Amino acid sequence: QVQLVESGGGLVQTGGSLRLACAASGGTFGFYSMSWFRQAPGKEREFVAAITYRSETTYDEDSVKGRFTISRDNAKNTVYLEIETLKPEDTAVYYCAAARFGLGSRRRDDYSSWGQGTQVTVSS
């Protein structure tokens, strides 16, 4: 199982931007599809974006609306999530997840490895 560690969260003002990072270790990163989910207080964890091992991307358009960009750097074993024009409703814990040879699924059960999460708080 690959181990995942997220970073880059914090407190930002509405309209600001962040870049989250998720560093992977313990596996062949290039074999894994990676995703980002988020969980707001009192809500279920929801899919945000995914990037396959072939760098194909999928987004939840309802929540992302063109403001999020997922990317990966296989040389650094890291996946990124850039978030622009942050809104208070983006406040959540953001988790990355990994699926070996995954296809960019939106389903939580399709991912075998999860990070501990990084908090993003957007002030109004």
Side-chain angles (χ1 to χ4, degrees):
Q1 295 276 11
V2 65
Q3 289 79 50
L4 306 173
V5 179
E6 301 96 334
S7 61
L11 175 64
V12 295
Q13 292 185 335
T14 297
S17 61
L18 278 176
R19 188 175 79 156
L20 308 182
C22 173
S25 61
T28 304
F29 184 70
F31 290 173
Y32 284 84
S33 290
M34 305 296 295
S35 70
W36 287 93
F37 287 73
R38 66 183 182 182
Q39 187 167 17
K43 296 188 176 181
E44 291 190 355
R45 193 171 300 186
E46 63 178 7
F47 172 81
V48 173
I51 185 166
T52 70
Y53 61 96
R54 295 181 292 192
S55 293
E56 299 156 324
T57 58
T58 304
Y59 296 93
D60 180 84
E61 292 302 332
D62 286 345
S63 57
V64 169
K65 299 188 188 302
R67 299 183 294 117
F68 291 26
T69 303
I70 189 171
S71 61
R72 65 189 298 155
D73 185 337
N74 287 349
K76 296 183 178 180
N77 290 354
T78 301
V79 62
Y80 302 97
L81 184 70
E82 296 190 61
I83 314 173
E84 300 177 340
T85 319
L86 279 154
K87 305 175 181 180
E89 52 263 42
D90 294 320
T91 295
V93 178
Y94 284 71
Y95 297 90
C96 72
R100 198 164 188 267
F101 295 123
L103 300 178
S105 171
R106 298 166 182 260
R107 298 176 64 248
R108 289 173 290 177
D109 290 348
D110 289 338
Y111 293 89
S112 55
S113 298
W114 291 83
Q116 83 290 349
T118 186
Q119 176 71 48
V120 172
T121 303
V122 185
S123 62
S124 57

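These figures come from a predicted structure and were not determined experimentally.
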From CZ (F101) to CZ (R54), nearest 0.5 Å | 10.5 Å
Group every Ile, Leu, Val, Met, Phe, Trp and Tyr by side-chain heavy-atom contacts under 4.5 Å, then state whether V120 and V79 land in the same group.
-> yes
CD1 of I83 to CZ of R38: how many Å apart, nearest 0.5 Å?
-> 7.5 Å
Answer yes or no: is there a donor N or O on one side and an acceptor on the other, between the side chain of R67 and the main chain of E84, under 3.5 Å?
-> yes
Which heavy atom in Y111 sits nearest to a heavy atom in W114, and how many Å separate them?
-> O-NE1, 3.4 Å
Heavy-atom nearest pair, T85 first then D90, reads O-OD2, 4.3 Å
Would you find a donor on one side and an acceptor on the other, under 3.5 Å apart, between the side chain of R45 and the backbone of V93?
-> no
T91 side chain near Q119 side chain, heavy-atom distance below 4.5 Å = yes
Whether over 12 other heavy atoms sit under 6.0 Å from L11 CG = yes
CZ of R72 to OG1 of T57: how many Å apart, nearest 0.5 Å?
-> 11.5 Å
In the single-linkage hydrophobic clustering (I, L, V, M, F, W, Y; side-chain heavy atoms under 4.5 Å), do V64 and L86 co-cluster?
-> yes
Test item: T58 side-chain N/O and A49 main-chain N/O as donor-acceptor pair under 3.5 Å | no
Are R100 and S112 close enough that some pair of their side-chain heavy atoms sits under 4.5 Å apart?
-> no
Quick one: are E6 and L20 in side-chain contact, heavy atoms under 4.5 Å?
-> no
CD/Q116: more than 12 non-hydrogen atoms of other groups inside 6.0 Å | yes
Within a strict 4.5 Å, meaning less than it, do heavy atoms of the S17 and E82 side chains meet?
-> no
Side chain S33, main chain Y53, donor-acceptor under 3.5 Å = yes
Ignoring hydrogens and angles, tell me if any N or O in the side chain of S113 forms a donor-acceptor pair with the backbone of V2 under 3.5 Å.
-> yes
Between CD1 on residue I51 and OG on residue S35, distance to nearest 0.5 Å | 11.0 Å
Hydrophobic cluster identity match, Y59 and Y80, side-chain contacts under 4.5 Å | no
Among all residues two or more places apart in sequence or in another chain, which pass the ring pair (Phe, Tyr, Trp, His ring centres under 6.0 Å) test with F47?
-> F37
Rounded to the nearest 0.5 Å, what's the gap from CE on M34 to CG on N77? Could you check?
-> 9.5 Å
Return yes if some donor-acceptor pair links the side-chain N/O of E46 with the main-chain N/O of E44 below 3.5 Å, else return no.
-> no
Taking only residues two or more places apart in sequence or in another chain, which ones pass ring pair (Phe, Tyr, Trp, His ring centres under 6.0 Å) with F68?
-> none
Taking C-beta and beyond as the side chain, do R108 and Y95 meet within less than 4.5 Å on heavy atoms?
-> no
When rounded to the nearest 0.5 angstrom, what distance separates OG in S124 from CD in Q13?
-> 10.0 Å
Are V48 and V5 linked, directly or through other ILVMFWY residues, by side chains that come within less than 4.5 angstrom of each other?
-> no
Donor-acceptor contact present, side-chain T78 to main-chain A23, <3.5 Å = no
Minimum heavy-atom distance between A98 and Y32, given as atom pair plus value | CB-CD2, 3.8 Å
Can you get from Y94 to L4 by hopping between Ile, Leu, Val, Met, Phe, Trp and Tyr side chains that sit under 4.5 Å apart?
-> yes
Disulfide (SG to SG under 2.5 Å) contacts in which one or both residues fall within residues 7-119, not counting sequence neighbours = C22-C96
